[in-house]
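Order of appearance sets the numbers: ligands from 1, and atoms from 1 within every ligand.
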Amino acid sequence: MRDEILIAPSILAADYARLGEEVKAVEGAGADWLHLDVMDGHFVPNLSFGADVIGALRKHSRLLFDAHLMCAPVDQWIEPVAKAGADRITVHAEAGPHLDRSLGAITALGKGAGVALNPATPVGVLEHVLDHLDLVLILSVNPGFGGQKFIPYAADKIRQVRALVGGRPIRIEVDGGIDPQTAPKAIAAGADVLVAGSSIFRAPDYAKAIAALRPAA
Ligand code: DX5
Ligand code: ZN
């Protein structure tokens, strides 16, 4: 049997003027991880926040900090984000020519390493780095913005990654357009960490929104 399904709210959709309170609220509402979308305005056409904001939030939360770096080049951000308190650091396979080096830098800092794949990136790029990975992040939207629609073929990619991962203890995370309608599709395909921004932070009741993403008992 697979591990339990984890819910990782993305603060990209939170109220930035009340970020500490928002993080405490999702923690109290049953979040398992906190997803931190770092955008550099170059790899993706948007800016979000960096290591200083992650470090400030670290003092307000005991959740596992799951940093998703949408940055190219990415290597210069790995150490600051690790020192700020991220527990998992995920880099994009498309961010540069030296994926193996970036993953080595993450694990050398004692952090869990992840690879993220944009919707059009084939899963084969993971093949030779599987033994260095703690997680694979499948983008089910084109990254850069919250509130987009789940791309249906992402479910096929999750299935392919599940087969590739085999018995290794690697989490498969899905990110983008996750709501109570799309979550069961991602879970059925083999995802075990669900990132959700809008469907949690735009809901009136965070606990209900998080519970609505978990598989029915
Ligand atoms: C997309 C980000 C996501 C985003 C998801 O660029 O990586 O983490 O916050 O937002 P929703 O859940 O609104 O699609
Ligand atoms: Zn993300």
In ligand 1, the atoms that come under 4.0 Å of a heavy atom of Met39 are 6 (O)
Ligand 1 to Gly146, heavy atom cutoff 4.0 Å, flagged ligand atoms 10 (O), 13 (O)
Charged N-O contact under 4.0 Å between Asp192 and Arg162:
yes
For Met70, the ligand 1 atoms with a heavy-atom partner under 4.0 Å come out as 6 (O), 7 (O)
With heavy atoms and a 4.0 Å threshold, my read on which part of Ala196 contacts ligand 1 is backbone
Ser198 heavy atoms within 4.0 Å reach ligand 1 at atoms 11 (P), 12 (O), 13 (O)
Pair Arg88-Lys111, side chain to side chain contact (heavy atoms under 4.5 Å, CB included): steps then yes or no: CA-CA 6 Å; Arg88 299 279 182 282; Lys111 307 297 182 177; over 6 Å; no
Atoms of ligand 1 under 4.0 Å from any heavy atom of Pro143, numbered from 1 in the order shown, are 6 (O)
So does Asp134 pair up with Arg171, basic N to acidic O under 4.0 Å?
no
A student checking ligand 1 against Val195 at a 4.0 Å heavy-atom cut-off should list atoms 8 (O)
Only one of Val195, Leu64, Val193, Asp66 passes side-chain contact (heavy atoms from CB on, under 4.5 Å) with Leu6, and that residue is Val193
query: Can you check whether Leu130 reaches Arg168 side chain to side chain, under 4.5 Å on heavy atoms?
result: yes
Under 4.0 Å from one or more heavy atoms of Ser10, ligand 1 contributes atoms 8 (O), 9 (O)
So do Leu47 and Asp40 actually touch side chain to side chain, heavy atoms under 4.5 Å? no
Test of proximity, Asn142 against ligand 1: N or O pairs below 3.5 Å = no
At a 4.0 Å cut-off, with the gap strictly under it, does some heavy atom of Gly147 reach an atom of ligand 1?
yes
Salt-bridge contact Asp15-Arg202 (side-chain N to carboxylate O under 4.0 Å):
no
**Request:** Give yes or no for whether the N/O distance cutoff of 3.5 Å, strictly under, is met between Gly197 and ligand 1.
**Result:** yes
The side-chain contact (heavy atoms from CB on, under 4.5 Å) partner of Ile106 among Val81, Leu69, Ile78, Asp75 is Ile78
ang(NE2 His35, the Zn ion (ligand 2), ND1 His68) rounded to 10° is 100°
Q) Short N/O distance, under 3.5 Å, between Ser199 and ligand 1? A) no
Of all N, O or S atoms in Asp175, the one closest to the Zn ion (ligand 2) is OD2
Test side-chain contact (heavy atoms from CB on, under 4.5 Å), reference His35, set Ile11, Asp175, Thr90, Leu12, output is Asp175
One finds that the ligand 1 atoms under 4.0 Å from a non-hydrogen atom of His35 are 8 (O)
Q. Under 3.5 Å, N or O to N or O, is Gly144 touching ligand 1 that way?
A. yes
#### Entry: Exercise: do Asp37 and Ser48 side chains pair donor with acceptor under 3.5 Å
no
Margin query: Using side-chain heavy atoms (C-beta onward) and a distance below 4.5 Å, is Val74 in contact with Phe43?
Written below: no
**Non-hydrogen side-chain atoms of Asp87 and Trp33 separated by less than 4.5 Å** = no
Atom 5 (C) of ligand 1: closest protein heavy atom, distance to 0.1 Å, is Asp175 OD1, 3.6 Å
Per residue Asp37, nearest N, O or S atom to the Zn ion (ligand 2) is named OD1
- Message: So, regarding Gly177 and ligand 1 (criterion: nitrogen or oxygen to nitrogen or oxygen, under 3.5 Å), is there a contact or not?
- Response: yes
min-distance protein heavy atom vs atom 1 (C) of ligand 1 -> Phe145 O, 3.8 Å
